[in-house]
Amino acid sequence: MSSIFTKIVEGEIPSYKIAEDERFYAFLDINPLAKGHTLVIPKQEVDYLFDLDDNLLADMSVFSKKVARAIEKVIPCSRIGVAVLGLEVPHAHIHLIPINSEADISFSRPKLKLSREEFMDIAARIRQELNQ
Ligand code: AMP
(Lines give C-alpha, C1' and ligand atoms only; values in the text may rest on other atoms or scores of the structure.)
Protein backbone atom coordinates (compact mmCIF):
# COMPACT_ATOMS: atom_id res chain seq x y z
CA MET A 1 0.00 0.00 0.00
CA SER A 2 1.20 3.51 -0.83
CA SER A 3 2.29 5.86 1.95
CA ILE A 4 0.16 8.88 2.74
CA PHE A 5 2.91 11.01 1.20
CA THR A 6 2.87 9.02 -2.06
CA LYS A 7 -0.88 9.64 -2.14
CA ILE A 8 -0.13 13.35 -1.74
CA VAL A 9 2.38 13.28 -4.62
CA GLU A 10 -0.16 11.47 -6.78
CA GLY A 11 -2.90 13.96 -5.88
CA GLU A 12 -5.10 11.35 -4.18
CA ILE A 13 -4.83 13.31 -0.92
CA PRO A 14 -4.79 17.12 -1.03
CA SER A 15 -1.82 19.14 0.16
CA TYR A 16 -0.72 22.75 0.31
CA LYS A 17 1.95 22.41 -2.33
CA ILE A 18 5.08 24.55 -2.16
CA ALA A 19 7.28 23.13 -4.92
CA GLU A 20 7.82 20.10 -7.09
CA ASP A 21 10.24 18.75 -9.67
CA GLU A 22 10.69 15.31 -11.21
CA ARG A 23 12.12 13.81 -8.02
CA PHE A 24 10.98 15.90 -5.06
CA TYR A 25 7.82 17.42 -3.62
CA ALA A 26 7.43 20.05 -0.87
CA PHE A 27 4.21 20.87 0.98
CA LEU A 28 3.07 22.47 4.23
CA ASP A 29 2.95 20.27 7.32
CA ILE A 30 -0.68 19.97 8.33
CA ASN A 31 0.20 20.17 12.06
CA PRO A 32 2.80 22.93 11.96
CA LEU A 33 5.13 24.00 14.72
CA ALA A 34 5.30 27.40 13.00
CA LYS A 35 3.77 29.17 10.04
CA GLY A 36 5.64 27.99 6.96
CA HIS A 37 6.58 24.57 8.45
CA THR A 38 7.25 22.57 5.30
CA LEU A 39 8.02 18.95 4.49
CA VAL A 40 10.31 17.97 1.62
CA ILE A 41 10.02 14.42 0.33
CA PRO A 42 11.48 12.33 -2.47
CA LYS A 43 8.75 11.12 -4.82
CA GLN A 44 10.34 7.70 -4.59
CA GLU A 45 8.83 5.97 -1.59
CA VAL A 46 11.71 5.07 0.72
CA ASP A 47 11.01 4.84 4.45
CA TYR A 48 14.29 6.06 5.93
CA LEU A 49 16.10 9.18 4.76
CA PHE A 50 19.51 7.61 5.16
CA ASP A 51 18.54 4.67 2.96
CA LEU A 52 18.22 7.04 -0.01
CA ASP A 53 20.71 6.75 -2.82
CA ASP A 54 23.65 9.14 -2.25
CA ASN A 55 22.86 11.35 -5.23
CA LEU A 56 19.18 11.56 -4.38
CA LEU A 57 19.98 12.51 -0.79
CA ALA A 58 22.47 15.18 -1.92
CA ASP A 59 20.02 16.62 -4.44
CA MET A 60 17.25 16.59 -1.84
CA SER A 61 19.41 18.89 0.31
CA VAL A 62 19.83 21.31 -2.59
CA PHE A 63 16.08 21.21 -3.32
CA SER A 64 15.41 21.85 0.41
CA LYS A 65 17.80 24.79 0.34
CA LYS A 66 15.81 26.51 -2.41
CA VAL A 67 12.59 25.93 -0.51
CA ALA A 68 14.13 27.17 2.76
CA ARG A 69 15.33 30.38 1.07
CA ALA A 70 11.80 31.07 -0.12
CA ILE A 71 10.21 30.28 3.27
CA GLU A 72 12.53 32.67 5.10
CA LYS A 73 11.57 35.49 2.75
CA VAL A 74 7.92 35.03 3.64
CA ILE A 75 8.05 34.09 7.32
CA PRO A 76 10.26 36.38 9.42
CA CYS A 77 12.64 34.18 11.46
CA SER A 78 16.25 33.84 12.57
CA ARG A 79 16.80 30.55 10.79
CA ILE A 80 15.08 27.74 9.02
CA GLY A 81 15.49 24.82 11.39
CA VAL A 82 15.97 21.42 9.77
CA ALA A 83 14.73 18.24 11.40
CA VAL A 84 14.39 14.60 10.47
CA LEU A 85 12.22 12.37 12.62
CA GLY A 86 10.27 9.94 10.49
CA LEU A 87 8.63 8.37 13.51
CA GLU A 88 5.10 8.87 12.21
CA VAL A 89 5.16 8.57 8.43
CA PRO A 90 7.38 5.87 6.84
CA HIS A 91 8.27 7.96 3.79
CA ALA A 92 11.52 9.92 4.06
CA HIS A 93 11.02 13.62 4.72
CA ILE A 94 12.87 16.70 5.91
CA HIS A 95 11.09 19.23 8.13
CA LEU A 96 11.90 22.89 7.37
CA ILE A 97 10.73 25.05 10.25
CA PRO A 98 11.06 28.83 10.71
CA ILE A 99 12.59 29.33 14.17
CA ASN A 100 13.74 32.12 16.42
CA SER A 101 14.77 30.01 19.39
CA GLU A 102 15.64 26.42 20.23
CA ALA A 103 12.22 25.91 21.78
CA ASP A 104 10.53 26.68 18.45
CA ILE A 105 11.67 23.34 17.02
CA SER A 106 10.52 21.20 19.91
CA PHE A 107 8.12 18.59 18.52
CA SER A 108 6.50 18.11 21.90
CA ARG A 109 5.06 21.63 21.71
CA PRO A 110 1.41 22.10 20.82
CA LYS A 111 0.96 22.49 17.08
CA LEU A 112 -0.58 25.57 15.47
CA LYS A 113 -4.17 25.45 14.34
CA LEU A 114 -4.37 27.28 11.03
CA SER A 115 -7.40 27.76 8.84
CA ARG A 116 -7.53 26.49 5.27
CA GLU A 117 -7.27 30.12 4.13
CA GLU A 118 -4.14 30.69 6.22
CA PHE A 119 -2.48 27.54 4.83
CA MET A 120 -3.43 28.57 1.29
CA ASP A 121 -2.12 32.10 1.79
CA ILE A 122 1.23 30.92 3.24
CA ALA A 123 1.70 28.34 0.47
CA ALA A 124 0.86 30.88 -2.24
CA ARG A 125 3.33 33.43 -0.87
CA ILE A 126 6.16 30.88 -0.64
CA ARG A 127 5.40 29.61 -4.16
CA GLN A 128 5.52 33.18 -5.39
CA GLU A 129 9.01 33.64 -3.89
CA LEU A 130 10.17 30.45 -5.59
CA ASN A 131 8.90 31.73 -8.92
CA GLN A 132 10.82 35.03 -8.67
P1 AMP B 1 7.42 12.34 11.46
O2 AMP B 1 7.23 11.11 10.61
O3 AMP B 1 7.63 12.00 12.91
O4 AMP B 1 8.49 13.26 10.92
O5 AMP B 1 6.05 13.17 11.41
C6 AMP B 1 5.29 13.24 10.22
C7 AMP B 1 4.86 14.66 9.96
O8 AMP B 1 3.99 14.63 8.84
C9 AMP B 1 4.10 15.33 11.11
O10 AMP B 1 4.68 16.60 11.40
C11 AMP B 1 2.67 15.48 10.55
O12 AMP B 1 2.02 16.65 11.00
C13 AMP B 1 2.92 15.50 9.06
N14 AMP B 1 1.78 15.02 8.27
C15 AMP B 1 1.13 13.84 8.42
N16 AMP B 1 0.15 13.73 7.51
C17 AMP B 1 0.18 14.86 6.77
C18 AMP B 1 -0.59 15.35 5.67
N19 AMP B 1 -1.60 14.64 5.15
N20 AMP B 1 -0.30 16.56 5.16
C21 AMP B 1 0.73 17.29 5.68
N22 AMP B 1 1.49 16.88 6.71
C23 AMP B 1 1.22 15.69 7.25
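Counting convention: from 1, in listed order, for ligands and their atoms alike.
Side chains of Ser61 and Ser64: a donor-acceptor N/O pair is absent below 3.5 angstrom, by distance only.
Using a 4.0 Å cut-off between charged side-chain N and carboxylate O, Lys43 and Glu20 make a salt bridge. The existence of a salt bridge linking Asp104 and Arg109 is confirmed by a sub-4.0 Å separation between a basic side-chain nitrogen and an acidic carboxylate oxygen.
Heavy-atom distances between Phe107 and ligand 1 stay at or above 4.0 Å for every pair. For Tyr16, the closest heavy-atom approach to ligand 1 does not fall below 4.0 Å.
Numbered from 1 in the order shown, with element, the atoms of ligand 1 that lie under 4.0 Å from a heavy atom of Val89 read 2 (O), 6 (C). Within ligand 1, the atoms closer than 4.0 Å to a non-hydrogen atom of His95 are 4 (O), 7 (C), 10 (O), numbered from 1 in the order shown. Those atoms of ligand 1 that come under 4.0 Å of a heavy atom in Ile8, given as number and element, are 18 (C), 19 (N), 20 (N). Less than 4.0 angstrom separates some heavy atom of Leu28 from each of these atoms of ligand 1: 21 (C). Which parts of ligand 1 touch Leu39 is read off a 4.0 Å heavy-atom cut-off, strictly below it: atoms 8 (O), 13 (C), 22 (N). With ligand atoms numbered from 1 in the order given, ligand 1 contributes 12 (O) to contacts under 4.0 Å with heavy atoms of Asn31. The contact set between ligand 1 and Leu85, taken as ligand atoms under 4.0 Å from a residue heavy atom, comprises 3 (O), 4 (O).
Formation of a donor-acceptor pair under 3.5 Å by the His95 side chain with backbone atoms of His93 is not found in this model. The backbone N or O of Gln128 sits nowhere less than 3.5 Å from a side-chain atom of Asn131 that would complete a donor-acceptor pair. Listed for the Glu72 side chain is no donor-acceptor partner under 3.5 Å among the backbone atoms of Pro98.
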Evaluate the criterion ring-ring contact (aromatic ring centres under 6.0 Å, His included) for residue pair Phe63 and Phe24; output intermediate values, then yes/no.
-> CA-CA 8 Å; Phe63 184 89; Phe24 306 109; 5.4 Å; yes
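Using a 4.0 Å cut-off between heavy atoms, Val84 makes no contact with ligand 1 at all.
Regarding atom 12 (O) of ligand 1, its nearest protein heavy-atom neighbour is Asp29 OD1, 2.6 Å.
Remark: ligand 1 and Gly86 share an N or O pair separated by less than 3.5 Å (distance only, no angle test).
His37 NE2 to Ile71 CD1: the interatomic distance, rounded to the nearest 0.5 Å, is 9.0 Å.
Between Leu33, Ile41, Ile30, Ile4, it is Ile30 that holds the heavy atom closest to atom 21 (C) of ligand 1. In this comparison of Lys111, His93, Glu88, the heavy atom closest to atom 4 (O) of ligand 1 sits on His93.
Linking ILVMFWY residues whenever their side-chain heavy atoms come closer than 4.5 Å, directly or via other members, places Ile80 and Ile126 in the same cluster.
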